[in-house]
Enquirer: 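Pasting in a structure now, in structure tokens, and then I'll have a few things to ask.
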There are 2 protein chains.
Amino acid sequence: RCENLVEVYFQLQQQVMAASTELGPELLARLLERFNEVLSSLVKSSFLVEKQPPQVLKTQTKFQASVRFLLGPRLLKAAPKPYMVRADMVTEKQARELELSNYSNTLSESTGEILHNTVALETNPTSGNCCANFKNVLLKKIKRCERKGSESVTEEKCAVLFSTNVTLTPSNISIHLQVLSLPIVVIVHGNQDNNAKATVLWDNAFSDIDRVPFVVAERVPWDKMCDTLNLKFMAEVQTNKGLLKEHYFFLAQKIFNDHSASPEDFQSRHVSWAQFNKEILPGRGFTFWQWFDGVLDLTKRCLKSYWSDRWV
Amino acid sequence: RCENLVEVYFQLQQQVMAASTELGPELLARLLERFNEVLSSLVKSSFLVEKQPPQVLKTQTKFQASVRFLLGPRLLKAAPKPYMVRADMVTEKQARELELSNYSNTLSESTGEILHNTVALETNPTSGNCCANFKNVLLKKIKRCERKGSESVTEEKCAVLFSTNVTLTPSNISIHLQVLSLPIVVIVHGNQDNNAKATVLWDNAFSDIDRVPFVVAERVPWDKMCDTLNLKFMAEVQTNKGLLKEHYFFLAQKIFNDHSASPEDFQSRHVSWAQFNKEILPGRGFTFWQWFDGVLDLTKRCLKSYWSDRWV
DNA sequence: TCGTTTTCCGGGAAGGCAA
DNA sequence: TTGCCTTCCCGGAAAACGA
């Protein structure tokens, strides 16, 4: 638990201070500096996104999000006026730079204006949670990055950066807190929803935990793709009957446009992002994902109860 | 023609100036003052709404309008930077006060924010018209007046006030120009369109030319109402076949809810605004106008070609 | 509670823009 | 021209407000 760490920290600090005369002044200074670093990093990592903004975010449409400062109740006890948390849209590039600077940089300009983007960081007296609750936020407009070649806007990932400045109560240290949301695809119309969902699904399923924002593999093993589609299917249709081997085989034939290979052949193949949601299926006017998402939707709306036996 | 009047004015002024030594200084001063008054009133009345904003105006929806300064080409010849014309929403009350002060008052606050509401007053080099063209205007939000009793928001009339300050080129006199649009009913949703149209129709048909804004009779002779409905019908359906005596009789029975009177009886009756669009027709869920407008719409859409013979 | 008024937003239609 | 992207805005649904 985070609070315990702070307690340990303060106890340690007190012990050191008590022993300060016994330590040489030089050693003491070094120790104190180290203390500050530890505290700062501890505090920073206790500033979290509690409720993520929607990963497919439509402009001019209200959404919600919240951040939580775990150490708030412990370290901000007597705040005279509440600290304000800002929410700003940042590009993937900006997110990367922030991450690389270990969140010590400060944001120069956002890539989209968010309405009502400053909210007080308040400690709820009953639950004791220190949160900033963005209830009425709305992305007014998005500034697209220049994108190369065949990249579409629905492949562009942004994020919301939450940031604030707090002054810790006992030690009087001022700290700049920043945290990024999960990647977000911004759309301006419902007709972009499909493609945006594809980008988000791919990212959520195939990105490493500790990646540089927001790199993700361009091709992945087919069986991982199957797992992902299966999870998506069950979540979307609200069923506990998953996809079966035959289904995977059918999907594989479809996405690889290969009707001669055996199920085992497909097992070891890799599927690319392009195959997933860029290339048009031969003879059809849509990509693999667009088709799959359509099937999801149909199944969800019409066939839910019949889905225990077969399909297609 | 307006310009001719100005020419006459300037010739007169020159003659007076030429004779200035012969007139006593006192008389001269009085004459000059009178000249200023005349010029000012002339100039003010040459500032007109060329294109009226829609009289049923929906918030968050773009509209257009333009004003024209007839004497602009003559009196603003060498303007270093263009004069800006503002457009502001005003309430009926504000409109009345402006009118009563003879447009010498200046507006303190508007009753609704208009986006892109300042536009340059420019002289078109080809046509020689001096206009301010509001192309991209949009009413963001409307502040409703407090209304008494059973009044609905769709009975509330506002107007757009166009205003600017110009300095006349030869005489160097600065004048504040203001002009009001026709009355406007502001709606926020399509489902208010019907009722708003009723208010506008009643106002346009039955208001005096020189009224105090925006008073209009509360009851009018039935035959004037018939004329109005007939005009509306022909305009809306795009036909030159008007309504007939039988139709009027039918309408009268409907609006007066009186099936015993003769057509001649109705001739001399008066119909009230309440009967027109406030009271619900007995046994139906709508008012007379709501019904009539529905019929208009139906006729327009489906029966236009059949409308040469009969109806209902 | 019910009726009025407003906000929210999905999605069709059309405008804008670049390849 | 076509396809992608965005803006515009209608109208259903539901929330908010008021009597």
Side-chain angles (χ1 to χ4, degrees), chain A residues 53-54 56-64 89 111-113 115-116 135-156 158 185-199 274 277-280 284-287 289-290 293-294 297 300-301, chain B residues 53-54 56-64 89 111-113 115-116 135-158 185-199 277-280 284-287 290 293-294 297 301:
Chain A
V56 175
L57 185 60
K58 191 165 157 189
T59 55
Q60 305 280 7
T61 299
K62 289 188 173 175
F63 65 96
Q64 269 142 279
M89 278 318 280
T111 190
E113 187 192 352
L115 239 57
H116 308 126
K135 279 184 190 301
N136 223 17
V137 231
L138 175 151
L139 178 59
K140 195 107 138 271
K141 207 165 168 40
I142 182 72
K143 202 174 75 213
R144 302 292 191 185
C145 301
E146 69 304 335
R147 70 210 97 89
K148 42 220 172 258
S150 69
E151 253 178 33
S152 121
V153 287
T154 51
E155 296 176 54
E156 191 175 317
C158 316
V185 176
V186 175
I187 64 175
V188 300
H189 194 283
N191 57 16
Q192 299 172 312
D193 193 66
N194 267 343
N195 295 324
K197 282 199 293 196
T199 305
N277 196 44
K278 286 191 83 70
E279 290 159 10
I280 300 297
R284 318 292 196 96
F286 38 76
T287 64
W289 163 256
Q290 285 164 3
D293 194 41
D297 206 50
K300 175 166 50 174
R301 285 191 290 109
Chain B
V56 175
L57 185 60
K58 192 164 157 189
T59 56
Q60 304 280 7
T61 299
K62 289 189 174 175
F63 65 95
Q64 269 142 275
M89 278 318 279
T111 190
E113 188 192 351
L115 239 58
H116 309 125
K135 279 184 191 299
N136 223 17
V137 230
L138 175 150
L139 177 60
K140 200 95 140 280
K141 207 164 167 44
I142 183 71
K143 200 174 75 214
R144 301 294 190 184
C145 300
E146 71 304 333
R147 72 209 95 90
K148 44 221 172 257
S150 68
E151 255 178 32
S152 121
V153 287
T154 51
E155 296 176 54
E156 191 176 318
K157 287 175 266 187
C158 317
V185 176
V186 174
I187 63 175
V188 301
H189 194 283
N191 57 15
Q192 300 172 312
D193 193 63
N194 267 343
N195 296 324
K197 282 199 293 196
T199 305
N277 197 44
K278 284 192 84 71
E279 289 159 11
I280 301 297
R284 319 290 199 94
F286 38 75
T287 64
Q290 284 165 3
D293 194 42
D297 207 51
R301 284 190 291 108

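Computed from a prediction, not measured in an experiment: that's the story for all the values here. Residue numbers begin at 1 in each chain, while the letters A, B, ... track the order of the sequences.
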Enquirer: Between atom NZ in B/Lys143 and atom P in C/dT6, what is the gap in whole Å?
Expert: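 Answer to the nearest Å: 14 Å.
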
Enquirer: Taking protein heavy atoms under 4.0 Å as touching, what does nucleotides 14-19 of chain D look like 5' to 3' if B marks base contact, S marks sugar-phosphate-only contact and - marks none?
Expert: ------

Enquirer: Walk me through whether A/Lys278 and A/Glu155 qualify under salt bridge (charged side-chain N to carboxylate O under 4.0 Å, His left out).
Expert: CA-CA 10 Å; A/Lys278 286 191 83 70; A/Glu155 296 176 54; 2.3 Å; yes

Enquirer: Indicate yes or no: at least one non-hydrogen side-chain atom of B/Glu156 is less than 4.5 angstrom from one of B/Ile142.
Expert: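 No, too far: nothing below the 4.5 Å cut-off.
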
Enquirer: Looking at side-chain heavy atoms only, is the closest gap between B/Lys197 and B/Val185 below 4.5 Å?
Expert: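 Answer no - side chains too far apart.
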
Enquirer: If I take atom CG in residue B/Asn194 and atom P in nucleotide C/dT4, what distance separates them, rounded to the nearest angstrom?
Expert: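 These atoms are roughly 13 Å apart.
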
Enquirer: Side-chain contact, heavy-atom cut-off 4.5 Å: B/Leu138 with B/Thr61?
Expert: no

Enquirer: Let me know the distance between NZ of B/Lys278 and C1' of C/dG3, rounded to the nearest Å.
Expert: 13 Å

Enquirer: Mind running side chain to side chain contact (heavy atoms under 4.5 Å, CB included) on A/Ile187 and A/Leu57 for me, showing each step along the way?
Expert: CA-CA 6 Å; A/Ile187 64 175; A/Leu57 185 60; over 6 Å; no

Enquirer: Report the distance from atom NZ of B/Lys135 to atom P of D/dT7, rounded to the nearest whole Å.
Expert: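 Interatomic distance, NZ of B/Lys135 to P of D/dT7: 20 Å.
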
Enquirer: Any side-chain N or O of A/Arg144 under 4.0 Å from OP1/OP2 of C/dA18?
Expert: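 False: A/Arg144 side-chain N/O out of range (4.0 Å or more) of C/dA18 OP1/OP2.
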
Enquirer: List the residues meeting side chain to side chain donor-acceptor pair (under 3.5 Å) with A/Gln290, not counting sequence neighbours, and say none if there are none.
Expert: A/Asn195

Enquirer: Mind calculating the distance between CD (B/Glu151) and P (C/dT4) to the nearest angstrom?
Expert: 15 Å

Enquirer: Kindly indicate whether the side chain of B/Leu115, heavy atoms from C-beta on, has any atom under 4.5 Å from the side chain of B/Val137.
Expert: no

Enquirer: Find the distance B/Leu139:CG to C/dT7:P and express it as a whole number of Å.
Expert: 11 Å

Enquirer: Has A/Thr154 got a side-chain atom pairing as donor or acceptor with A/Gln192's backbone, closer than 3.5 angstrom?
Expert: no

Enquirer: Just the rounded figure in Å: distance from C1' of D/dC4 to NZ of A/Lys148.
Expert: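 These atoms are roughly 18 Å apart.
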
Enquirer: With heavy atoms under 4.0 Å as the rule, sort B/Val153 into base, sugar-phosphate or nothing.
Expert: sugar-phosphate

Enquirer: Can you check whether B/Lys141 has a side-chain N or O nearer than 4.0 Å to OP1 or OP2 of C/dT7?
Expert: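 Answer yes for this pair, as a side-chain N or O of B/Lys141 is under 4.0 Å from OP1 or OP2.
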
Enquirer: Students often get this wrong, so: under 4.0 angstrom with heavy atoms, is B/Ser152 touching a base, only sugar-phosphate, or nothing?
Expert: sugar-phosphate

Enquirer: Just how far, in rounded Å, is P of D/dT6 from CZ of A/Arg147?
Expert: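 Roughly 7 Å, once rounded to whole Å.
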
Enquirer: At a cut-off of 3.5 Å, list every protein nitrogen or oxygen paired with a nitrogen or oxygen from nucleotides 9-11 of chain D, distance to 0.1 Å.
Expert:
unit_1 : atom_1 : unit_2  : atom_2 : d
D/dC9  : OP2    : B/Lys62 : N      : 3.2
D/dC10 : OP2    : B/Lys58 : NZ     : 2.7

Enquirer: Kindly give the heavy-atom pair with the smallest separation between A/Leu139 and A/Glu113, and that separation in Å.
Expert: CD1-O, 3.4 Å

